[in-house]
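So that the names make sense, note that chain A is the first sequence line, chain B the second, and so on, each numbered from 1.
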Amino acid sequence: MDTLLQDLHNYTDSLAQKPLFGLLLTLLVYQGALWLYNRCNRSALIHPVAVSAVVIALLLKISGISYQDYVDANQLIYFLLGPTTVALAIPLYNEFHVLRRQAMPILVTVLFGALAAPAIAVGIAWGMGASDEVLLSLAPKSVTTPIAIGIADQIGAMATLTTGVVVFTGILGVLLSPAVFWLSRLGDTRLQGVVMGINAHGVGTARCFEIGSDSGAFATMAMGLTGTFTALTLPYLIHWLGY
Amino acid sequence: MLQGIIVLLLFQLLGEILVALTHSPIPGPVAGMLLLWLALHIKRGPSPEVQRTAQTLVQYLSLFFLPAGVGLFFLPPEIQRHWPAVIAAMVAGTFITMLLSAWLIRRLGSSH
């Protein structure tokens, strides 16, 4: 009996290091969070990524599995972000005739948002005495993850902090969206998509696709423009400021 | 499904190659998205297969951010000292910028 238990113990130990366990953990927790989200009429307040991230972090801490092991196990999930980004070309193409008519307002708002988002976030953290490294990691917070990681590498920020901050900015964007659209009295779901794409990148865009494919296409457009503009300007801006 | 995956991965590869050749700061997948978008204009629309695969993937877009989001709970101790500043910058910063951009687009954009 003892040897059987020992075998089982050894087996579960090695299982924790295999991709199967970490991958299944992500998918199971996310499926559960999706179920809860749908039960609550897709309320922004219980965003499935936010709920899942907290639950998974707790489970990892309790079971003593390192974050590195968990991330290694989830390479497949992370990889799918690439082809999914490419796939956004299709809604962009399908809704292009509508997007074209709003090109100027979208462009102006993107330019404003892409400059205001890092300036305001870094300004607040600077006022609260954060270190240079933290300030740099906060700068690309509103752009989509692959662009943000690229920028973080270029400006010498901490990639792990940047990635976490970016994902949580996206979640916050979704959580805050009902309040923001109520306060600004912005009822048009397409224009709401623009605001979400600028401030909450892929996480916000995903939320917009739940509302409608036109809203999602507007968000995709705004997200792509914000990311591209930030990637082209932020590294030079930071260099010019003397970092 | 398979055909759709192949098309998407192929365009991602083309994007990565383009970025590597031009030393552009834009990530490969974003360049791939632009290339596919151009190709769709030439071809006048996606095949049903590509359309279906894209729809399935986009539906799970937020799931693909999850492993990276978990990382926020496992930051080194020297960063944890700055938690209040990081949280304030994320919450207040996002709220202010969202509100300002919502006001701006409501003034500029025309509703349908």
Side-chain angles (χ1 to χ4, degrees), chain A residues 26 30 49 52-53 56-57 67 71 74 77-78 80-90 92-93 102 105 108-109 112-113 116-117 120-121 124-125 128 130 134 138 145-147 150 160-161 163-164 167-169 172-173 176 180 184 186 188 191 194-195 198-199 202-203 206 209 228 231, chain B residues 5 8-9 11-12 15 25-27 29-30 32-33 36-37 40-41 45-46 50-51 53-54 57-59 61-75 79 82 84-86 88-106 108-112:
Chain A
T26 304
Y30 188 73
V49 178
S52 309
I56 291 171
Y67 175 64
V71 165
N74 280 282
I77 301 257
Y78 191 66
L80 286 173
L81 201 53
T84 309
T85 306
V86 178
L88 290 171
I90 284 134
L92 211 53
Y93 171 81
Q102 303 271 355
V108 173
T109 313
F112 167 78
I120 292 172
I124 291 171
M128 291 178 71
V134 171
L138 282 170
T145 326
I147 299 186
T160 44
L161 180 57
T163 324
V167 174
F168 262 80
T169 297
L172 279 168
L176 295 170
V180 166
S184 60
L186 184 71
D188 188 316
L191 300 183
V194 177
V195 175
I198 293 171
N199 294 287
V203 182
F209 273 112
T228 309
Chain B
I5 291 271
L8 294 177
L9 288 178
F11 273 92
Q12 188 180 347
I26 296 166
V30 176
M33 173 176 83
L36 177 57
W37 180 76
L40 290 174
H41 274 278
V50 172
Q51 169 105 29
T53 309
L57 281 176
V58 170
Q59 193 191 334
L61 179 60
S62 47
L63 164 65
F64 306 143
F65 290 100
L66 181 52
V70 176
L72 202 59
F73 297 99
F74 294 88
L75 289 172
I79 294 297
H82 296 289
V86 171
M90 285 199 300
V91 178
T94 306
F95 186 68
I96 295 168
T97 321
M98 273 185 93
L99 202 55
L100 292 177
S101 43
W103 265 324
L104 187 61
I105 194 118
R106 196 171 70 94
L108 297 174
S110 52
S111 285
H112 56 100

TODO: Please lay out, stage by stage, how Leu108(B) and Thr109(A) fare under the test side chain to side chain contact (heavy atoms under 4.5 Å, CB included).
DONE: CA-CA 9 Å; Leu108(B) 297 174; Thr109(A) 313; 4.0 Å; yes
- [ ] Just do the side chain to side chain contact (heavy atoms under 4.5 Å, CB included) check on Leu61(B) and Val203(A) with the steps written out, would you?
- [x] CA-CA 7 Å; Leu61(B) 179 60; Val203(A) 182; over 6 Å; no
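Of all the listed residues (Leu161(A), Asn74(A), Thr160(A)), the one sharing the greatest number of non-hydrogen pairs under 4.5 Å with chain B is Leu161(A). For the options Gly82(A), Ala130(A), Gly113(A), Ala116(A), heavy-atom pairs under 4.5 Å to chain B are most numerous at Gly82(A). Looking only at heavy-atom pairs under 4.5 Å with chain B, the residue among Val134(A), Thr26(A), Leu81(A) that has the most is Leu81(A). Ranking Ala92(B), Gly93(B), Ala102(B) against chain A, the residue ahead of the rest is Ala102(B), based on heavy-atom pairs under 4.5 Å. When each of Leu40(B), Ile96(B), Val30(B) is checked for heavy-atom pairs under 4.5 Å with chain A, Leu40(B) comes out on top. No other option in Thr228(A), Leu186(A), Val71(A) has as many heavy-atom pairs under 4.5 Å with chain B as Leu186(A). Between chain B and the options Leu176(A), Val108(A), Val194(A), heavy-atom pairs under 4.5 Å are most frequent for Leu176(A).
Interface residue Leu100(B): backbone and side-chain heavy atoms are both found under 4.5 Å from chain A. For Val167(A), the part lying under 4.5 angstrom from a heavy atom of chain B is the side chain only. Contacts of Leu75(B) with chain A are made by side-chain atoms alone, with heavy-atom separations under 4.5 Å and no backbone atom involved.
The closest donor-acceptor contact from the side chain of Tyr93(A) to the backbone of His41(B) lies at 3.5 Å or more, if one exists at all.
Atom-to-atom distance recorded for Leu88(A):CG and Leu36(B):CG is 10.0 Å, nearest 0.5 angstrom. To the nearest 0.5 Å, atom CZ of residue Phe209(A) and atom CD of residue Gln59(B) are 11.5 Å apart. To the nearest 0.5 angstrom, Ile105(B) atom CD1 is 6.5 Å from Ile198(A) atom CD1. The distance from atom CZ of Phe64(B) to atom CG of Leu80(A), rounded to the nearest 0.5 Å, is 4.5 Å. Rounded to the nearest 0.5 angstrom, Asp188(A) CG and Arg106(B) CZ are separated by 11.5 Å. Note: Ile90(A) CD1 to Gln51(B) CD = 6.5 Å, rounded to the nearest 0.5 Å.
Shortest non-hydrogen contact noted between Ala68(B) and Thr163(A) is CB-CG2, 3.4 Å. Nearest approach of Met33(B) to Thr85(A), heavy atoms of both residues: SD-O, 3.4 Å. Of all the heavy atoms in Ala87(A) and Leu8(B), the pair that sits closest is CA-CD2, 3.7 Å. When all heavy atoms are compared, the tightest approach of Met128(A) to Ala88(B) is SD-CB, 3.5 Å. Contact between Ala89(B) and Leu138(A) at its shortest, heavy atoms only, is CB-CD1, 3.7 Å. Pairing each heavy atom of Ala89(A) with each of Trp37(B), the nearest pair is CB-N, 3.7 Å.
Leu66(B) is listed as a side-chain neighbour of Ile56(A), based on a closest heavy-atom distance under 4.5 Å.
Relative orientation of the Phe74(B) and Tyr67(A) rings is parallel, given thresholds of 30° and 60° on the angle between their planes.
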